[in-house]
Amino acid sequence: MGREVSESCVESLVTEIVSSYCNGFYADKPELAARRIEAIGFQVGHQLSERYTMDRPRFTDHLEAIKFICKDFWSEVFKKQIDNLKTNHRGTFVLQDNRFRWLSRMSVDPSIETLGSIQDPSAMAENKAAQAIGMHLYFPCGIIRGALSNLGIPCAVSADISNLPACSFVIRIKA
């Protein structure tokens with residue numbers, strides 16, 4: 001029997017990690033907070049990948065490993081497969097999740113505004129909300145990068161939010 005953790009516990013843990021690093025430890029250094037959150041995700045992804053590939057033969061190419069991430073790995077972590085996978089066949093892959101579970105409960109709080117004189121307060125509130133959501137995406141980016149690193153694929157991973165809760169993860173394989 002496999003060991004599982006309640007989904008709500010994982011979501012709460014990620015929220016607390018982001019909150020602690022962004023508002024506590026590195027409140028005045030968002031770049032450092034983002035790197036630390038991504039590093040935690042990297043360790044988690046590395047260990048999960050090790051567990052999920054224990055009984056499998058090594059992957060022969062990048063595409064095979066990316067397909068594993070989209071189907072099996074994503075199903076284990078997020079209880080569904082990636083909705084769409086695109087590639088340019090030159091080392092760039094885009095994984096599209098139309099209902100990313102960790103963003104499905106997030107919303108933009110209209111009361112989030114900064115003090116001071118700003119030309120467009122609603123734009124500033126949206127920008128701050130987008131930054132907060134962006135900080136939550138460093139963890140899953142780290143998970144993907146850690147999983148691929150364990151599979152012998154060095155890469156860079158970034159996320160793009162087009163329309164909540166949809167999210168795209170862009171993977172660039174390093175030469």
Side-chain angles (χ1 to χ4, degrees), residues 1-11 13-15 17-18 21 30-106 130-175:
M1 185 166 121
R3 297 184 320 200
E4 294 185 13
V5 176
S6 170
E7 187 176 340
S8 61
C9 291
V10 173
E11 288 180 18
L13 180 64
V14 171
T15 300
I17 288 170
V18 171
Y21 278 90
E31 308 85 23
L32 189 55
R35 280 192 302 189
R36 298 288 190 216
I37 294 166
E38 198 267 350
I40 295 168
F42 179 90
Q43 288 296 320
V44 170
H46 197 275
Q47 292 173 1
L48 288 175
S49 179
E50 184 71 31
R51 177 178 291 174
Y52 299 152
T53 59
M54 196 174 354
D55 298 328
R56 293 176 175 260
R58 275 303 224 189
F59 297 108
T60 56
D61 64 350
H62 296 332
L63 185 57
E64 195 177 318
I66 296 291
K67 285 181 180 178
F68 164 76
I69 295 294
C70 293
K71 292 179 180 178
D72 302 328
F73 186 83
W74 212 261
S75 293
E76 288 290 333
V77 177
F78 299 108
K79 308 298 184 231
K80 69 182 281 285
Q81 293 183 359
I82 282 288
D83 295 310
N84 195 3
L85 168 64
K86 296 178 185 174
T87 181
N88 66 358
H89 298 287
R90 291 181 298 229
T92 301
F93 299 88
V94 178
L95 285 60
Q96 176 72 37
D97 190 335
N98 295 329
R99 187 157 168 73
F100 187 56
R101 293 174 90 74
W102 291 354
L103 295 181
S104 64
R105 291 183 185 86
M106 289 195 174
Q131 287 175 344
I133 292 169
M135 291 304 275
H136 281 81
L137 290 174
Y138 282 106
F139 189 76
C141 285
I143 289 176
I144 296 168
R145 192 172 72 84
L148 288 171
S149 173
N150 185 54
L151 299 175
I153 302 173
C155 63
V157 180
S158 60
D160 179 42
I161 311 165
S162 53
N163 188 14
L164 283 176
C167 184
S168 297
F169 296 93
V170 180
I171 301 169
R172 290 182 180 82
I173 308 293
K174 295 180 181 176

Participant: Roughly how far, to the nearest 0.5 Å, is the CD atom of E64 from the CD1 atom of I66?
Facilitator: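 Answer rounded to 0.5 Å: 11.5 Å.
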Participant: Evaluate the side-chain proximity of F59 to I153: yes if any heavy-atom separation is below 4.5 Å, no if none is.
Facilitator: no
Participant: Going by heavy atoms in the side chains, are F68 and L151 under 4.5 Å from each other?
Facilitator: yes
Participant: What distance do K86 atom NZ and F93 atom CZ have between them, rounded to the nearest 0.5 Å?
Facilitator: 14.5 Å
Participant: Can you give each donor-acceptor pair under 3.5 Å made by side-chain atoms of residues 166-175, sequence neighbours left out, with the distance rounded to 0.1 Å?
Facilitator:
| unit_1 | atom_1 | unit_2 | atom_2 | d |
| --- | --- | --- | --- | --- |
| S168 | OG | Q96 | OE1 | 2.3 |

Participant: Which heavy atom of S49 sits nearest to which heavy atom of A147, and what is that distance?
Facilitator: OG-O, 3.2 Å
Participant: Has R101 got a side-chain atom pairing as donor or acceptor with F78's backbone, closer than 3.5 angstrom?
Facilitator: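 Side chain of R101 to backbone of F78, a donor-acceptor pair under 3.5 Å: yes, one is there.
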Participant: Could you give the distance from CD1 (I143) to CD (Q43), rounded to the nearest 0.5 Å?
Facilitator: 11.5 Å
Participant: Quick one: CD1 on I69 to CD1 on I144, what's the gap to the nearest 0.5 Å?
Facilitator: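 Here the rounded value is 7.5 Å.
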Participant: Which atom names give the shortest non-hydrogen contact between M135 and A34, and what distance separates them?
Facilitator: CE-N, 3.7 Å
Participant: What is the distance from atom NE2 of H89 to atom CG of L63, rounded to the nearest 0.5 Å?
Facilitator: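 So the gap between those two atoms works out to 7.5 Å.
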Participant: Closest approach of L137 and F100, non-hydrogen atoms and distance?
Facilitator: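 Reported closest heavy-atom pair: CD2-CE2, 3.9 Å.
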Participant: Testing the basics here: between K80 and N98, what is the closest heavy-atom pair and its distance to 0.1 Å?
Facilitator: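 Where K80 meets N98 most closely, the heavy atoms are NZ-N, 4.5 Å.
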Participant: Kindly indicate whether the side chain of C155, heavy atoms from C-beta on, has any atom under 4.5 Å from the side chain of R145.
Facilitator: yes
Participant: Tell me whether S149 contacts the main-chain N or O of P154 through its side chain, where contact means a donor paired with an acceptor under 3.5 Å.
Facilitator: no
Participant: Could you give the distance from CG (N163) to CD1 (I161), rounded to the nearest 0.5 Å?
Facilitator: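 If I round to the nearest 0.5 Å, the distance is 10.5 Å.
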Participant: Are there more than 12 heavy atoms of other residues, nucleotides or ligands under 6.0 Å from atom NZ of K71?
Facilitator: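 Open: at most 12 neighbouring heavy atoms sit under 6.0 Å from NZ of K71.
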Participant: Applying salt bridge (Lys or Arg N to Asp or Glu O under 4.0 Å), can you list everything that pairs with D72, at least two apart in sequence or on another chain?
Facilitator: R56
Participant: Kindly write out the residues that satisfy ring pair (Phe, Tyr, Trp, His ring centres under 6.0 Å) with Y52, not counting sequence neighbours, or none if the list is empty.
Facilitator: F73
Participant: Does the side chain of Y138 come within less than 4.5 Å of I40's, by heavy atoms?
Facilitator: no
Participant: At their closest point, which heavy atom of I82 faces which heavy atom of N84, and how far apart are they?
Facilitator: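 Result for this residue pair: CG2-O, 3.1 Å.
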